[in-house]
Amino acid sequence: MSTAVDVKAYAAVDLGASSGRVMVGRVDPDRLELTEAHRFPNRPVRTPEGLRWDVLALYAGVLDGLRAAGPVDSVGVDSWAVDHGLLDADGALLGNPVHYRDARTEGVAEKVWATLPAGELYAATGLQYAPFNTLYQLVAARGTAQFAQARRLLLIPDLLTYWLTGEQGTELTNASTTQLIDPRTRDWSNDVADRLGIDLGLFAPLRRPGDPAGVLRPTVLEETGLPGPVPVTAVGSHDTASAVAAVPASGERFAYICTGTWSLAGLELTAPVLTEESRAANFTNELGLDGTVRYLRNIMGLWLLQECVRAWGDPDLGELLLAAARVPALRSVVDAGDAAFLAPGRMPERIAEACRTSGQPVPASPAEVTRCILDSLALAHRRAVEDAQRLAGHPVDVVHVVGGGTRNALLCQLTADACGLPVVAGPTEAAALGNVLVQARAHGLAGDLDGMRRLLVRTQSLTRYEPRGGTARWRAAEARLAYR
């Protein structure tokens with residue numbers, strides 16, 4: 001598997017809400033190369049019972065990807081957060097996992113808050129309110145025949161790891177999105193679970209990024225053609241945790257924005273921020289590598305543009321962005337965090353209506369709508385970076401943008417302009433790189449978190465955008481929107 005210069009190969013299984021991929025990272029002390037072995041769709045299915053993940057198709061895609069990857073020194077799995085599979089006493093899956101957009105959690109939060117008020121819940125767990133948090137999903141599942149049979153709950157990456165290895169565990173960075181972890185102790189919150197009647201015995205023992213998670217089963221080796229034994233390593237199994245681990249920063253004075261369908265904008269801290277002001281500002285405290293806290297806000301992200309492009313019949317994105325760059329800046333902006341934009345369909349019309357309602361010029365052409373979206377996202381990035389610094393008392397000198405949005409040069413430049421700070425864009429496949437680097441570190445390469453980031457700086461293509469024109473016009477645009 002290794003050459004004379006000790007290059008190691010690591011398979012990163014990286015699952016997103018619309019697609020999955022198996023990437024292969026080749027690492028030595030001065031090398032970090034990432035190639036795509038296999039990409040496959042992730043298509044949720046609406047059944048008579050509700051919206052479900054086709055987890056068997058995902059697992060088949062993982063096996064196909066490992067077969068395409070060829071010999072590797074380790075495998076790691078990351079995915080989106082909060083969702084899970086339920087297993088019976090024999091370890092068999094009880095139905096397809098429920099999708100976080102399923103309607104079953106509607107009205108559940110209010111029932112929870114009647115027992116444990118929202119302010120107390122935030123002070124205990126540091127997690128922002130989202131109706132699909134695992135906590136609310138568990139309360140919604142009470143009384144169902146499936147939940148009555150459940151003897152184990154495995155989050156999505158832990159479920160796939162279990163099928164690959166036969167070993168059960170609950171990786172910490174993803175567990176921190178359940179709203180059942182105390183971010184100060186980095187362990188389960190027994191008080192929250194007890195007050196809400198949740199049996200923490202459903203969860204497998206916690207494991208941390210870098211911990212061993214078993215070896216590939218003989219049947220998996222046969223299916224994939226891999227020569228064994230192949231260890232599986234726990235990584236930052238929440239994809240955002242892996243992406244933040246791959247932010248190519250130096251020092252502590254940086255903000256990050258993980259861009260894609262969502263934008264996750266915030267800071268890397270050494271302790272959570274659990275104040276009422278932080279809760280009101282809708283910031284979350286999720287756990288990262290090496291005792292860090294991902295203090296961030298969820299923003300709607302490029303979903304707005306993706307939905308518009310779909311509505312327009314999938315025009316050439318490059319030409320659309322060139323045309324948008326010629327549209328006057330900040331003519332119209334919308335609140336990119338508004339729940340009115342959460343659902344699919346009619347996105348250009350909804351954006352136009354939001355502009356009309358707020359008394360701004362109504363964008364008409366695709367270029368004008370696109371410019372409105374990108375200006376609005378940059379404005380939301382500005383607010384999140386400014387609010388995070390204020391709430392955490394943690395100033396920054398640079399903003400790192402990672403993920404799919406790094407391909408959008410106009411958005412990166414507008415984010416630099418809005419924040420009044422330089423933006424460093426890259427890498428694009430941050431989650432897969434973070435996944436690979438944690439595996440490499442666990443097997444004696446890549447060093448500590450700072451060392452991992454130095455390797456990224458040496459080996460990855462990064463683009464720097466300097467701010468232009470001052471921030472006064474962005475403050476004026478912000479004043480048009482009733483954020484608070």
Side-chain angles (χ1 to χ4, degrees), residues 13 15-20 39-64 77 79-114 129-163 168 170 174 177-180 196-199 202-204 238-239 261-262 298 300 303 306-307 310-311 339-347 350:
V13 177
L15 305 178
S18 60
S19 69
R39 187 176 293 261
F40 48 95
N42 183 8
R43 297 191 183 99
V45 180
R46 191 167 294 282
T47 71
E49 293 75 37
L51 193 62
R52 300 294 185 265
W53 294 106
D54 188 355
V55 72
L56 297 182
L58 286 178
Y59 184 58
V62 171
L63 294 176
D64 290 343
V77 184
S79 85
W80 70 95
V82 306
D83 290 337
H84 52 272
L86 297 173
L87 307 182
D88 68 13
D90 295 326
L93 182 66
L94 293 165
N96 280 308
V98 179
H99 194 292
Y100 64 83
R101 293 187 191 271
D102 186 79
R104 69 172 176 166
T105 55
E106 290 179 1
V108 170
E110 289 75 14
K111 297 177 183 177
V112 168
W113 297 339
Y129 165 67
F132 44 69
N133 289 346
T134 314
L135 170 66
Y136 302 125
Q137 294 197 39
L138 292 178
V139 173
R142 282 179 183 158
T144 65
Q146 186 184 85
F147 194 70
Q149 294 180 62
R151 297 296 179 269
R152 176 67 80 215
L153 181 156
L154 293 177
L155 297 165
I156 294 297
D158 298 321
L159 174 63
L160 295 178
T161 298
Y162 168 57
W163 283 346
Q168 297 181 1
T170 305
N174 210 9
T177 72
T178 63
Q179 210 158 21
L180 290 165
L196 295 175
I198 293 172
D199 179 12
L202 273 173
F203 292 88
H238 183 197
D239 52 9
T261 299
W262 293 87
N298 286 279
M300 205 70 68
W303 162 256
Q306 292 162 358
E307 278 294 286
R310 185 170 67 87
F341 301 126
L342 185 61
R346 298 185 61 256
M347 191 64 75
R350 283 187 280 161

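All values derive from a computational prediction rather than experimental measurement.
Two residues are said to be in side-chain contact when any heavy atoms from C-beta on lie closer than 4.5 Å; K111 and Y136 fail this criterion. Side chains of L51 and Y100 form no contact here, defined as non-hydrogen atoms less than 4.5 Å apart. Put simply, the side chain of N42 reaches to within 4.5 Å of the side chain of W53, judged on heavy atoms. Counting heavy atoms from C-beta on, the side chains of T178 and T170 never come closer than 4.5 Å. A heavy-atom distance below 4.5 Å is not found between the side chains of V77 and V62. Within the 4.5 Å cutoff, the side chain of F132 has no heavy atoms near those of the D83 side chain. Side-chain contact check for L154 versus L93: every heavy-atom pair is 4.5 Å or farther apart.
Distance alone, capped at 3.5 Å, is enough to place a donor-acceptor pair between the T105 side chain and the P131 backbone. Checked by atom type and distance alone, the side chain of H99 never pairs as donor or acceptor with a backbone atom of P97 at under 3.5 Å. A distance-only check finds a donor-acceptor pair linking the side chain of R350 to the backbone of A340 [under 3.5 Å]. Put simply, the side chain of N133 never gets that close to the backbone of L135: no donor and acceptor are under 3.5 Å apart. Between the side chain of R152 and the backbone N or O of D88, no donor-acceptor pair lies under 3.5 Å. E307 places a side-chain N or O within 3.5 Å of a backbone atom of G345 that can act as its donor or acceptor partner.
Comment: R52 engages D102 in a salt bridge, judged by a side-chain N to carboxylate O separation of less than 4.0 angstrom.
Note that CG of L86 is 8.0 Å distant from OG1 of T144, once rounded to the nearest 0.5 Å.
Residues satisfying the ring pair (Phe, Tyr, Trp, His ring centres under 6.0 Å) criterion with W163, sequence neighbours excluded, are Y59.
What you find for R104 and V98 is that their closest heavy atoms are NE-CG1, 3.5 Å.
A donor-acceptor contact under 3.5 angstrom links the side chains of T47 and E49, judged on distance only.
Taking the ring centroids of W262 and W80, they lie at or beyond the 6.0 Å cut-off. Taking the ring centroids of W113 and Y129, they lie under the 6.0 Å cut-off.
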